[in-house]
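In what follows, a single structure is set out as structure tokens and then discussed.
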Amino acid sequence: MQDDTLNGFTGFARKNQAQFQYSRDQEEIQAAAEIAFEDSSLAAIPVMDRRWAWMEVNLEAVAHNVVEAKRFLRPGVKLMAVVKADAYGHGAIECAQKALASGAEQLGVATVDEALALRDAGISAPILILAEPPVTAAPLLLAKHITPSVYTAEFALAYAEEADKHNMKAPFHLALNTGMNRIGVRAEDVIAFEQQINFHRALVQEGTFTHFATADSTDTIDFNSQVRRFINAISALRTAGIDPGIVHAANSAALFRYADVQFDMVRLGIAMYGCHPCEQTRGMVDLWPAMEIRARITDVKTVPMSEGVSYGLHYRSPGSVKICTVPLGYADGLNRSLSGKWDFILQGQLVRQVGTICMDQCMFEVDMRSFGSRVRLDPHVGDVVTIVGRDGDAATSLTDMARVIGTIDYEVACNFSRRLPRVYR
């Protein structure tokens with residue numbers, strides 16, 4: 001007759017039919033340790049199954065925005081895709097490849113390492129560093145065919161000497177300061193500067209550019225002043241018999257607002273990722289946001305009335321709510337100052353983020369009451385939550401987030417870190 005007495009230790013397994021092991025001898029432990037996991041199987045686990053928070057980047061949106069920008073270009077005007085800061089947080093290699101395939105001819109970056117990463121990925125298109133790098137990087141520039149900006153004679157001549165040692169040319173773009181006063185040779189001093197460097201046989205001036213400080217502003221006085229100074233400097237170069245090369249000045253805002261400053265090339269930055277550079281461009285151009293941030297719920301709990309949530313307990317439960325946790329925090333780019341001021345989207349409905357945003361996690365509130373035509377949500381562990389993006393009829397954007405914390409969408413996009421897995425579609 002079968003002994004039905006429960007094993008008191010487990011409360012589950014019956015005697016002589018144990019389903020769980022509680023001890024093993026040393027030989028069994030050693031044998032188990034020798035069973036190796038296959039690297040290919042481990043690598044095949046999708047990034048979204050390693051962590052329930054991720055960034056989705058729509059490369060078709062990037063392509064669409066490049067095509068939209070090209071609609072504004074006069075015939076013969078080139079397009080530079082600016083992919084600095086890891087393509088404003090979207091992934092430089094993937095976005096550069098998509099932009100080039102969609103009609104961009106050149107790429108713009110901010111640092112030597114950003115350019116090297118593109119070259120290492122097999123990208124052969126012209127790359128301009130939009131600042132003057134350290135002269136110690138000259139061998140890398142020449143070996144990898146990366147073009148620097150130039151605005152000091154010391155760098156220009158040392159760079160040229162390095163090129164001459166290898167029987168090479170030293171291409172560069174001359175940066176002009178027309179009023180932003182960040183970098184560049186003052187526009188009025190351009191001829192004097194050229195006289196210091198243009199005797200060197202290795203130097204090749206492939207381009208001349210400036211950067212507008214107020215192309216996104218409603219006030220056009222300073223913008224027009226910069227345009228005049230730039231045009232005068234270019235004219236002075238040509239009068240002196242100096243070829244300025246590719247002349248470029250327009251950023252995203254200037255591209256859409258001022259057709260007369262396209263010159264030979266425009267630099268497409270924030271608009272390539274679907275954010276409007278200013279309010280004036282809304283309605284002028286159809287841009288598709290490329291970045292969305294999502295997560296899955298890792299915990300759902302009912303918090304009694306008046307009990308607090310997260311550091312400082314600044315939020316207190318009003319009762320009749322469920323508090324849901326997602327594994328996303330300020331270390332991923334969800335700014336801590338958004339605490340209690342931002343809405344997530346669950347099943348097409350806006351839900352309020354509550355409590356202090358932590359380094360790796362944050363919480364939101366789901367009201368369990370039913371009223372009016374509102375459909376009551378029933379959150380579960382594993383449900384997808386949209387932090388930035390669209391779900392059904394509800395949407396949030398990088399621009400909205402920037403307004404809440406008093407910054408610009410450029411910064412918000414760049415701050416979403418590489419710790420977030422990226423999924424491209």
Side-chain angles (χ1 to χ4, degrees), residues 47-56 85-86 88-89 291-369 374 376-391 394-423:
V47 292
M48 290 188 295
D49 289 343
R50 304 175 204 174
R51 185 187 179 200
W52 274 2
W54 65 93
M55 176 191 298
E56 295 178 11
D86 203 20
Y88 296 42
M291 179 190 292
E292 295 189 321
I293 309 295
R294 303 193 197 281
R296 289 185 182 274
I297 296 173
T298 57
D299 188 72
V300 179
K301 62 179 68 65
T302 300
V303 177
M305 181 180 293
S306 81
E307 285 198 12
V309 170
S310 195
Y311 292 117
L313 303 180
H314 302 298
Y315 163 87
R316 299 279 174 173
S317 169
S320 299
V321 298
K322 285 188 176 179
I323 301 300
C324 305
T325 301
V326 292
L328 182 81
Y330 61 77
D332 303 295
L334 188 65
N335 197 298
R336 189 171 180 271
S337 64
L338 288 166
S339 297
K341 302 174 184 176
W342 188 246
D343 289 334
F344 297 165
I345 308 172
L346 176 65
Q347 299 170 23
Q349 290 190 37
L350 294 173
V351 290
R352 187 163 67 103
Q353 188 279 319
V354 296
T356 301
I357 293 171
C358 309
M359 182 182 289
D360 314 301
Q361 302 176 83
C362 64
M363 284 64 73
F364 66 92
E365 172 194 88
V366 176
D367 191 338
M368 301 308 295
R369 296 169 296 177
R374 176 179 171 275
R376 189 174 74 173
L377 296 174
D378 184 20
H380 292 89
V381 169
D383 287 351
V384 174
V385 180
T386 298
I387 285 77
V388 176
R390 177 174 291 279
D391 178 7
T396 59
S397 71
L398 294 173
T399 302
D400 296 333
M401 188 173 281
R403 286 172 177 159
V404 171
I405 59 180
T407 186
I408 55 176
D409 36 17
Y410 301 65
E411 181 183 5
V412 174
C414 290
N415 282 349
F416 280 110
S417 72
R418 265 293 190 182
R419 192 172 82 157
L420 278 177
R422 288 181 182 154
V423 179

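In what follows, residues are counted from 1 in the order of the sequence shown.
Salt-bridge formation is not detected for the pair Arg418/Asp332: no Lys NZ or Arg NE/NH1/NH2 atom is positioned less than 4.0 Å from an Asp or Glu carboxylate oxygen. Under 4.0 Å is where a charged nitrogen must lie from a carboxylate oxygen, and between Arg316 and Glu307 no such pair does. Ionic pairing of Arg296 and Asp383 is not present here: no N-O contact between side-chain nitrogen and carboxylate oxygen is shorter than 4.0 angstrom. A salt bridge does not link Asp378 to Arg376: none of the charged nitrogens lies less than 4.0 Å from a carboxylate oxygen. Under the 4.0 Å criterion applied to side-chain N and carboxylate O atoms, Lys322 and Asp299 are not assigned as salt-bridge partners.
Take Asp343 and apply the salt bridge (charged side-chain N to carboxylate O under 4.0 Å, His left out) test, not counting sequence neighbours, and it matches no residue. With sequence neighbours excluded, the residues that form a side-chain hydrogen bond (donor to acceptor under 3.5 Å, both in side chains) with Glu411 are Thr407.
You'll find the side chain of Phe344 reaches within 4.5 Å of the side chain of Cys362, heavy atoms only. Counting only heavy atoms from C-beta outward, the side chains of Ser310 and Met363 approach each other to under 4.5 Å. Side-chain atoms of Val366 and Leu346, non-hydrogen and from C-beta on, do get closer than 4.5 Å to each other. Considering only heavy atoms from C-beta on, Ile297 stays 4.5 Å or farther from Thr325 through its side chain. The shortest side-chain heavy-atom distance between Phe416 and Met55 falls under the 4.5 Å cut-off. Side-chain contact between Asp367 and Leu377 is absent, with no heavy-atom pair separated by less than 4.5 Å. Between Asn335 and Ile357, the closest side-chain pair of non-hydrogen atoms is not below 4.5 Å. Counting only heavy atoms from C-beta outward, the side chains of Val326 and Gln361 never approach each other to under 4.5 Å.
Between the side chain of Thr386 and the main chain of Val388, no donor-acceptor pair closer than 3.5 Å is present. Between the side chain of Glu292 and the backbone N or O of Arg390, at least one donor-acceptor pair lies under 3.5 Å. The backbone N or O of Ala331 sits less than 3.5 Å from a side-chain atom of Ser417, completing a donor-acceptor pair.
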Item to check | Test log, rule side-chain contact (heavy atoms from CB on, under 4.5 Å), inputs Leu338 and Leu334 | outcome: CA-CA 8 Å; Leu338 288 166; Leu334 188 65; 3.9 Å; yes

Next on the checklist: Quick one, Val381 with Trp52, criterion side-chain contact (heavy atoms from CB on, under 4.5 Å). Give me CA distance, side-chain angles, the key distance, then yes/no.
Outcome noted: CA-CA 11 Å; Val381 169; Trp52 274 2; 3.9 Å; yes

Item to check | Residues Asp360, Arg51; criterion salt bridge (charged side-chain N to carboxylate O under 4.0 Å, His left out); working and verdict | outcome: CA-CA 11 Å; Asp360 314 301; Arg51 185 187 179 200; 5.7 Å; no

Checklist entry - Can you list the steps and then say if Tyr311 with Met359 is a side-chain contact (heavy atoms from CB on, under 4.5 Å)? => result CA-CA 11 Å; Tyr311 292 117; Met359 182 182 289; over 6 Å; no

Checklist entry - Going through the checks in order, is the side-chain contact (heavy atoms from CB on, under 4.5 Å) test met by Ile345 and Val385? => result CA-CA 6 Å; Ile345 308 172; Val385 180; over 6 Å; no

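Atom CZ in Arg294 sits 10.5 Å away from atom CE in Met48 (nearest 0.5 Å). The CG atom of Leu350 lies 9.5 Å from the CH2 atom of Trp342; values are rounded to the nearest 0.5 Å. Distance check: Cys324 SG to Lys301 NZ gives 8.5 Å after rounding to the nearest 0.5 Å. Distance CH2/Trp54 to CZ/Arg419: 15.5 Å, rounded to 0.5 Å.
Heavy-atom minimum distance, Pro327 versus Ala295: CD-CB, 4.3 Å. Considering every non-hydrogen atom in both Gly355 and Ser339, the closest pair reads O-CB, 3.7 Å. Smallest separation of non-hydrogen atoms from Met368 and Pro379: SD-CD, 4.4 Å. Taking every heavy atom of both residues into account, Ala53 and Pro421 meet most closely at O-CD, 3.2 Å.
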Taking distance alone, no hydrogens or angles, what donor-acceptor pairs closer than 3.5 Å link side-chain atoms of residues 395-405 to residues at least two apart or in another chain?
{"from": "Thr396", "atom 1": "OG1", "to": "Ile387", "atom 2": "O", "distance (Å)": "3.1"}
{"from": "Thr396", "atom 1": "OG1", "to": "Gly389", "atom 2": "N", "distance (Å)": "3.4"}
{"from": "Ser397", "atom 1": "OG", "to": "Thr399", "atom 2": "N", "distance (Å)": "3.4"}
{"from": "Ser397", "atom 1": "OG", "to": "Asp400", "atom 2": "N", "distance (Å)": "3.0"}
{"from": "Ser397", "atom 1": "OG", "to": "Asp400", "atom 2": "OD1", "distance (Å)": "3.4"}
{"from": "Ser397", "atom 1": "OG", "to": "Asp400", "atom 2": "OD2", "distance (Å)": "3.0"}
{"from": "Thr399", "atom 1": "OG1", "to": "Asp409", "atom 2": "OD2", "distance (Å)": "2.8"}
{"from": "Asp400", "atom 1": "OD2", "to": "Ser397", "atom 2": "N", "distance (Å)": "3.3"}
{"from": "Arg403", "atom 1": "NH2", "to": "Glu279", "atom 2": "OE2", "distance (Å)": "2.5"}

